Amino acid sequence: MAKILIVEDDLELASTISKYLQSERHLAVTVHDGNEAFERLRLETFDVLILDWNLPGMEGIDLLKRLRSAGNTTLVLMLTGKSDIDDKEQGLETGADDYLTKPFNLRELAVRVRGLLRRAVGSATNFIEVNDIRLDPGNFQIYKGQQEIKLTPKDFALLEFFMRNPGQVFAIDAILDRVWGHDSDASVDGLRAAIRRIRKVIDTTDDPSKSMIENVNRIGYRLRVVS
């Protein structure tokens with residue numbers, strides 16, 4: 001299972017790719033704008049970025065340049081209607097790891113993704129640690145002290161978001177936008193249910209007022225940093 005960001009402004013195509021990758025047991029997140037994608041990649045770690053060339057806000061090739069200039073090494077599969085060899089060369093020289101020309105078969109896309117993921121096997125992992133929680137984004141593992149805890153892919157993504165922004169308060173709408181994106185199952189009730197599940201495995205008390213995920217009245221939530 002991998003965490004994949006799909007950046008594609010064709011809503012129907014983005015949804016189709018997302019559903020297919022989810023059927024392959026990946027966690028797929030979709031955004032439709034280059035600027036939004038850059039911000040998402042600044043805050044979260046993904047295993048693979050499926051990136052369309054032509055995007056509103058910031059073109060895919062410019063987004064890729066900014067990512068590589070900032071030292072981001074996320075594996076990138078570039079999607080484009082451009083079939084000219086010069087365009088492919090530009091994409092690969094800018095830092096794309098693979099290239100797929102539209103229209104394409106979804107099975108081929110999945111094969112390309114698996115190929116990229118094989119490249120990442122054995123690569124170094126950057127842990128995120130807050131309080132006594134250690135999160136390994138690359139291997140989808142979470143430890144509380146020495147004990148491994150299990151979360152669903154969406155709950156994992158939510159906890160990762162909080163851990164990358166400890167102490168920062170986020171409104172509910174902002175959390176839904178950052179973690180659920182344009183997913184059809186995004187809802188306030190879904191967020192609250194996810195937080196309840198996370199609290200059960202990371203907290204040492206059943207008292208919500210003492211939870212690591214703090215409910216900030218009339219604003220939203222934040223991950224409490226325990227000194």
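Keep in mind that what you see is a predicted model, and the values were worked out from it rather than measured.
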Before giving the answer on side-chain contact (heavy atoms from CB on, under 4.5 Å), spell out for Val7 and Val31 the whole-Å C-alpha distance, their side-chain angles and the decisive distance to 0.1 Å. CA-CA 5 Å; Val7 189; Val31 298; 3.8 Å; yes
So do Leu100 and Ile50 actually touch side chain to side chain, heavy atoms under 4.5 Å? no
Let me check something: do Leu116 and Leu106 share a hydrophobic cluster, defined by ILVMFWY side-chain heavy atoms less than 4.5 Å apart, either directly or through other members? yes
Kindly indicate, with the supporting measurements, whether the criterion side-chain contact (heavy atoms from CB on, under 4.5 Å) is fulfilled by Leu109 and Leu21. CA-CA 9 Å; Leu109 180 139; Leu21 291 175; 3.9 Å; yes
What's the shortest heavy-atom distance between Gly167 and Val225, and which atoms? N-CG2, 4.0 Å
Side chains of Val201 and Asp155, heavy atoms from C-beta outward: is any pair under 4.5 Å? no
Atom pair CG (Leu77) and CG (Asp98), whose distance is rounded to the nearest 0.5 Å: 5.5 Å
Is it true that the side chains of Asn72 and Thr74 contain a donor and an acceptor less than 3.5 Å apart? yes
Any residue meeting salt bridge (Lys or Arg N to Asp or Glu O under 4.0 Å) with Glu12, in chain and number order, not counting sequence neighbours: none
Closest non-hydrogen atom pair between Leu64 and Gly95, with its separation: CD2-C, 3.9 Å
Using only atom types and a distance under 3.5 Å, with no angle test, would you say the side chain of Ser18 pairs donor to acceptor with the backbone of Ser15? no
In Å and rounded to the nearest 0.5 Å, what is the CG to CZ distance from Leu158 to Arg197? 9.0 Å
How far apart are the C-alpha atoms of Leu67 and Leu49, what are their side-chain angles, what is the distance that settles it, and do they pass the side-chain contact (heavy atoms from CB on, under 4.5 Å) test? CA-CA 11 Å; Leu67 289 175; Leu49 169 61; 3.7 Å; yes
Look only at the side chain of Glu160 and the backbone of Thr45, and say whether a donor-acceptor pair between them is shorter than 3.5 Å. yes
Pairwise distance OG1(Thr204) to NZ(Lys144) - rounded to 0.5 angstrom: 5.5 Å
Surrounding CG of Asp206 (heavy atoms of other residues, nucleotides or ligands, distance under 6.0 Å), is the total greater than 12? no
Verify same cluster id: Ile133, Ile128 (apolar side-chain graph, 4.5 Å): yes
Could you state the interatomic distance from CZ (Phe46) to CG (Leu41), rounded to the nearest 0.5 Å? 6.0 Å
Pairing of Asp47 and Lys3 as salt bridge, 4.0 angstrom limit: no
Determine whether Leu55 and Asp62 satisfy the following criterion, side-chain contact (heavy atoms from CB on, under 4.5 Å), listing intermediate values before the conclusion. CA-CA 10 Å; Leu55 292 169; Asp62 295 322; over 6 Å; no
Do Leu13 and Tyr20 land in one hydrophobic cluster if side-chain heavy atoms of ILVMFWY residues count as linked below 4.5 Å? yes
Do you know which two heavy atoms are closest between Leu176 and Ser187, and how far apart they sit? CD2-O, 3.4 Å
Under 6.0 Å from the CD atom of Gln147, do we count more than 12 heavy atoms belonging to anything else shown? no
Sub-4.5 Å side-chain heavy-atom contact between Val48 and Asp97: no
Has the side chain of Asp33 got a donor or acceptor atom that lies under 3.5 Å from a matching backbone atom of Glu36? yes
For the backbone of Met212 and the side chain of Asp203, can you confirm whether one donor and one acceptor N or O come within less than 3.5 Å of each other? yes
If we ignore hydrogens and angles and just use 3.5 Å, is the side chain of Glu24 paired with the main-chain N or O of His26 as donor and acceptor? no
Would you compute the distance between atom CG of Asp207 and atom NZ of Lys210 and round it to the nearest 0.5 angstrom? 5.5 Å
Between Phe104 and Ile6, is there a shared hydrophobic cluster once you connect ILVMFWY residues whose side-chain heavy atoms come closer than 4.5 Å? yes
Could you tell me whether the side chain of Ile17 reaches within less than 4.5 Å of the side chain of Leu79, counting heavy atoms only? yes
Measuring from Leu11:CG to Thr30:OG1, what's the distance to the nearest 0.5 Å? 8.5 Å
Using every non-hydrogen atom in the two residues, find where Phe156 and Gln141 come nearest and quote the distance to one decimal. CE1-N, 3.7 Å
Can you name the closest pair of heavy atoms from Glu214 and Arg199 and give their distance? C-NH2, 4.3 Å
Do Arg68 and Val76 touch side chain to side chain, with heavy atoms closer than 4.5 Å? yes
Any donor-acceptor N/O pair, Asn131 side chain to Arg224 backbone, under 3.5 Å: yes
Minimum-distance pair of heavy atoms, taken over all atoms of Gln168 and Arg222: O-CB, 3.1 Å
Close side-chain approach of Tyr143 to Asp136, heavy-atom, < 4.5 Å: no
Going by chain and number, the hydrophobic cluster around Ile219 (ILVMFWY, side chain to side chain under 4.5 Å) further includes Val169, Val216
Group every Ile, Leu, Val, Met, Phe, Trp and Tyr by side-chain heavy-atom contacts under 4.5 Å, then state whether Val130 and Phe161 land in the same group. yes
